[in-house]
Amino acid sequence: MNSLLDSLRGIGARVIDSIWRMGVATRFFLMTLLQSGQSFRRFHLVIREIYSAGVLSLIIILVSGLFVGMVLGLQGYETLQTYGSEEALGVLVSLSLVRELGPVVAALLFASRAGSAITAEIGLMKATEQLAAMEMMAVDPVARVVAPRFWGAVISMPILAALFSAMGILGGYLVGVVLIGVDEGAFWSQMQAAVDFREDILNGVLKSVVFGVAVTAIALFEGYDAPPTAEGVSRATTRTVVTSSLAILGLDFILTAFMFRGV
Amino acid sequence: MSDNLIEIHDLSFAYGKRLVLKGIDLTARRGQVIAIMGISGGGKTTLLRLIGGSLKPTSGVLKVDGVDMSGLDRDALYQLRRRMGMLFQFGALFTDMSVFDNVAFPLREHTDLPEEMVRDLVLMKLNAVGLRGAHDLMPSELSGGMARRVALARAIALEPSLILYDEPFAGLDPISLGVTGNLIRRLTDTLGVTSIVVTHDIQESLRMVDYVYFVSEGVIAAQGTPDELRASTEPFVHQFVHGEENGPVPFHYPAPPYADELELAA
Amino acid sequence: MQRATLDLWVGIFVVAGIAAILFLALRVGNMGSFDSASTYTVKAEFDNIGGLKARAPIKSAGVVVGRVAEIGFDSAMYEATVTMKLDTRYKFPKDSSASIMTSGLLGEQYVALEAGGEEKMLSEGDTLKITQGAVVLENLIGQFLYNKSEEAPKAAEPK
């Protein structure tokens, strides 16, 4: 009886605790936005973060994009062949990439490459008292450390997603047209007929911006909120990857329902 | 201008319901090196955080350079902090910047000085701690003692009137320890600043400080100049100064009688 | 010094990103080919539109001349109202006819425009009079079976 009560109490405490954390995270996010002025006045701070979040994620994004596109080309060809409509391969590859796989997979990779790095970096800065030292020097760590990272990552995300999609389409082209021999003209023209700039491409870019904001906000908060110990930082890093992956997939469902329902 | 840079009267502080400091009185004159000593977990670091403004006092008066710390808003606090330097336990250097950029950091954040002048100032500060030649190194390439000296150069970059030291001697070899101690004394004298040193290294402190406060269980247990303390017969001070195992601070954590616990009574 | 190479990398990164978006917009998407051109709107009513969707192409002699903007239902006539945007470069006579066709056996459906003979040209807001709805495969099969079953007794009747 007592153990049941205890476990109920435990669940209740955890629920309250997570709502509490949610509130703290929201306040932290708003603070980051409010303290963003300096990031734009001293844009080289943001450039540095675009480098560490974006440029350093380039390789994994480009290679993964190429392979995902090649797999799509192979699998799509196998399926379409049974209906005798191999020419629609371009449509299949480009629509799946531009609408879904580009933004989603790029964001998942970004969460595990750049998101975890952000959490670890900020967590370590906290654990080694670098953030406290900054505050003692009358420099606000949210303005100086957090906000530039936020904007650097948010700017990088759509660029990475677009590169992922473009690479994927090239991969699909390589497999479908160059390797298997689908008609090149049909591949591109059917693609162009089916992919709409505003409906598909811009919505894909919009998705990746939303994912970028979500991943970065989670990564920054987890780092800033991490217990200042080696164990705390490593746990926070894991939590960043798990939470932001879930957030990406959940948000993707919501955004897709809004964007493509009518079509 | 008052002669006292720091004035603390009847200061109390509680984390939640747990009282950490109960009625502290402390003053520090300009140009003095003050040591705050005591056993670990006795509230020394909390006191330092209060002076630095990271924590707000629960009750009592805390004035730094004539400014009452309890009523400060963020901007005023940041304004005051430009006149403070703080040396953290392990230096807390920014690991993604070189030694030079670390020392230049406060200058670049708070002033619009041209880059050549920043360079001259940084080299000057680094020279004061004897590390002008190391300005190209990254913090990961420094030894513990060197990192702390770089952090000290960074703390004095804006020529503060108060420097706070959090355990500056922890984990240093005897040579670095002596070097750091002498440096604190010399900088205090040449720059005319006030230094507050939180430490439990009694021998080094008694060698170089002007005045010592012992904090134990949230109150000032003893105070005095180094000579007074060496001669003190008060049990707590005596135990601390001579590093004895038993005294007012017991070796054993409170526990039921040993025999009972081993069930030898039966 | 170090900052310059970093800037260079970020520059390359941003340029590559812009190139990727341009590639997606121009090579993959239909930007530039049609959306930017000015259009005029024409309506047509069909008894059945089959699987026609918004943004489906409108072709004349196989050339894309416009796109379906909107599909509605006329509750007075119980017919589908298809709003089409045609490129202003292409003019069609007022008595042109529209029919819904399928590209390939299972492909996408599109609207085919057949030019008429009148001298007046279609303009903004006009409605096409002659339309031919989609051929529904099930109806076609049903009709075929019906015809067969009508033929069968005749063939079976002994002379």
Side-chain angles (χ1 to χ4, degrees), chain A residues 20 27-28 30-32 34-35 37-39 41-53 55-56 114 117-149 152 220 223-224 226-230 233, chain B residues 45 48-55 64 72 74-97 101-112 139-140 144 147-148 150-158 160 162-167 170 196:
Chain A
W20 203 317
R27 192 160 54 92
F28 176 73
L30 292 178
M31 227 158 68
T32 308
L34 277 179
Q35 299 288 335
Q38 202 189 41
S39 305
R41 260 177 281 125
R42 297 166 66 190
F43 203 69
H44 67 94
L45 294 176
V46 178
I47 299 241
R48 256 182 76 107
E49 302 311 327
I50 294 180
Y51 179 81
S52 54
V55 176
L56 295 183
I118 287 173
T119 305
E121 200 185 7
I122 292 192
L124 275 176
M125 286 185 86
K126 190 183 175 193
T128 54
E129 294 187 304
Q130 292 179 45
L131 296 183
M134 211 174 261
E135 202 151 337
M136 281 307 298
M137 285 184 252
V139 175
D140 185 349
V142 173
R144 182 62 175 70
V145 174
V146 174
R149 277 172 177 70
L220 288 168
Y224 204 78
T229 59
V233 174
Chain B
T45 305
L48 200 69
R49 294 239 162 102
L50 282 163
I51 297 172
S54 312
L55 300 172
V64 175
L72 284 185
R74 217 184 76 118
D75 287 345
L77 177 63
Y78 272 20
Q79 208 59 43
L80 184 64
R81 276 185 181 167
R82 293 188 191 191
R83 283 180 278 149
M84 288 185 196
M86 178 151 176
L87 182 69
F88 282 82
Q89 192 162 357
F90 296 106
L93 293 177
F94 303 129
T95 38
D96 57 340
M97 296 179 195
D101 289 334
N102 260 287
V103 180
F105 183 85
L107 296 168
R108 287 180 179 151
E109 291 294 322
H110 290 307
T111 65
D112 289 323
S140 54
R148 241 162 280 189
V150 172
L152 188 52
R154 186 177 67 180
I156 59 172
L158 284 176
L162 171 67
I163 307 179
L164 307 172
Y165 300 83
D166 188 9
E167 307 272 10
I196 308 282

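Because the structure is a prediction, the values reported are computed rather than measured. Atoms considered below: every heavy atom in the structure, side chains included; atoms not considered: hydrogens, waters and symmetry mates. In what follows, chains are A, B, ... by sequence order, proteins preceding strands, each numbered from 1.
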Practice problem: Just jot down the salt bridge (charged side-chain N to carboxylate O under 4.0 Å, His left out) partners of B:Arg83, sequence neighbours excluded, or say none. | Solution: B:Asp65
Quiz prompt | Contact class of B:Leu80 relative to chain A, heavy atoms under 4.5 angstrom | solution = neither
Quiz item: Can you list the residues that meet the salt bridge (charged side-chain N to carboxylate O under 4.0 Å, His left out) rule with B:Arg81, with sequence neighbours excluded?
Solution: none
Quiz prompt | Proximal to chain A - members of residues 151-158 of chain B, heavy-atom separation under 4.5 Å | solution = B:Arg154
Exercise. Please identify each residue that fulfils ring-ring contact (aromatic ring centres under 6.0 Å, His included) with A:Phe28, with sequence neighbours left out.
Key: A:Phe221, A:Tyr224
Quiz item: Can you say whether B:Gln89 sits under 4.5 Å from chain A via the side chain, the backbone, both, or neither, judging by heavy atoms?
Solution: both
Quiz item: Between B:Arg49 and A:Glu129, does a salt bridge (Lys or Arg N to Asp or Glu O under 4.0 Å) hold up when you go through it step by step?
Solution: CA-CA 13 Å; B:Arg49 294 239 162 102; A:Glu129 294 187 304; 3.8 Å; yes
Exercise. Look up atom CD in A:Gln130 and atom CG in B:Asp96, then write down how far apart they are to the nearest 0.5 Å.
Key: 7.0 Å
Practice problem: Measure the spacing between OH of B:Tyr78 and CE of A:Met137 and express it to the nearest 0.5 Å. | Solution: 11.5 Å
Exercise. May I ask you to name which of A:Met136, A:Glu121, A:Arg144, A:Arg42 has the most heavy-atom pairs under 4.5 Å with chain B?
Key: A:Met136
Exercise. Test side-chain contact (heavy atoms from CB on, under 4.5 Å) on A:Gln38 and B:Glu109 and set out the steps.
Key: CA-CA 11 Å; A:Gln38 202 189 41; B:Glu109 291 294 322; 3.8 Å; yes
